[in-house]
Amino acid sequence: MSNVMEVIKKRSSTRGYTSEPLTEEELNALIHAGLQAPTAANRQEIHFTVLNGDNPILAELEEEKNRLREITAPLHNFYYEAPTVIILSADSEFRWSALDAGIAVENMALAAEELGLGNLIIGCIYDAMRGEKKAYFSQALKFPEKYEYEIAIAFGHKAVLKEPHTYDADAQVTFL
Ligand SMILES: Cc1cc2nc3c(=O)[nH]c(=O)nc-3n(C[C@H](O)[C@H](O)[C@H](O)COP(=O)(O)O)c2cc1C
């Protein structure tokens, strides 16, 4: 197992995957990384909908996203043809749902990096998920009652490599 600091430093977004599927062990490890994330008041309100990349509902989401964004010829679908996509939903009435989903999705992203897998956190389907087809998509993805989309994440084997992003600590950090 790697040092968590090394994994944090190494992780980056993957926008290109091979067709190799995840093993059951890999998928289980990723799901449990999400489930092990802390949640406010230990509410554990995050729901995880696991889909294979060829699930037709993903194509419908892609179509709706493109319709709303007036994209006619996308170069990739929103999950870059990854073999696995997990959609996180949460209780729409709980104040900390979005933050808890963010923590859970980063746990999963770091777990993927640890396993040598690529991953991409996905926010671009927000309007499609929460727009006029919200009820349809929520039901198709089997969200629990009163749950709504928070974030998604794609997983697979890396077909492309990307360096982690750089940052300006001086601009973003204040020491008092
Ligand atoms: C909340 C959130 C939503 C994101 N949504 C998308 C997305 O829809 N599509 C995409 O390609 N990348 C998405 N990203 C990935 C960011 O673009 C990426 O993390 C950022 O550019 C930094 O690059 P790195 O992850 O390689 O370090 C998202 C990241 C976060 C945290």
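The figures here come from the full heavy-atom set of this structure, side chains too, leaving out hydrogens, waters and symmetry mates. All residue numbers in this chain count up from 1 along the given sequence. Remember, it's 1-based here, ligands and their atoms both numbered in the order they're listed.
Considering both main-chain and side-chain atoms, Cys124 comes within under 3.5 Å of ligand 1 through a nitrogen or oxygen pair. For ligand 1, the polar-atom distance check finds no N/O of Ile122 at less than 3.5 Å from any of the ligand's N/O atoms.
Between the side chain of Arg130 and the backbone N or O of Tyr149, at least one donor-acceptor pair lies under 3.5 Å. The backbone N or O of Asp54 sits nowhere less than 3.5 Å from a side-chain atom of Asn52 that would complete a donor-acceptor pair. In terms of modelled atom types and a separation under 3.5 Å, the side chain of Ser92 and the main chain of Lys146 share a donor-acceptor contact.
Taking every non-hydrogen atom of Gly123 and a distance limit under 4.0 Å, the qualifying atoms of ligand 1 come out as 3 (C), 4 (C), 5 (N), 6 (C), 7 (C), 8 (O). Heavy-atom proximity to Leu120, at under 4.0 Å, picks out these atoms of ligand 1: 10 (C), 11 (O), 12 (N).
Ranking protein heavy atoms by distance to atom 25 (O) of ligand 1, first place goes to Ser13 OG, 2.6 Å.
Leu30 contributes atom CG, which lies 8.5 Å from atom CG of Asn119 (distance to the nearest 0.5 angstrom).
Using a 4.5 Å cut-off on side-chain heavy atoms (C-beta onward), Glu81 and His76 make contact.
Closest heavy-atom approach to atom 17 (O) of ligand 1 within the set Arg11, His165, Arg15: this belongs to Arg15.
There is a protein heavy atom less than 4.0 angstrom from atom 10 (C) of ligand 1.
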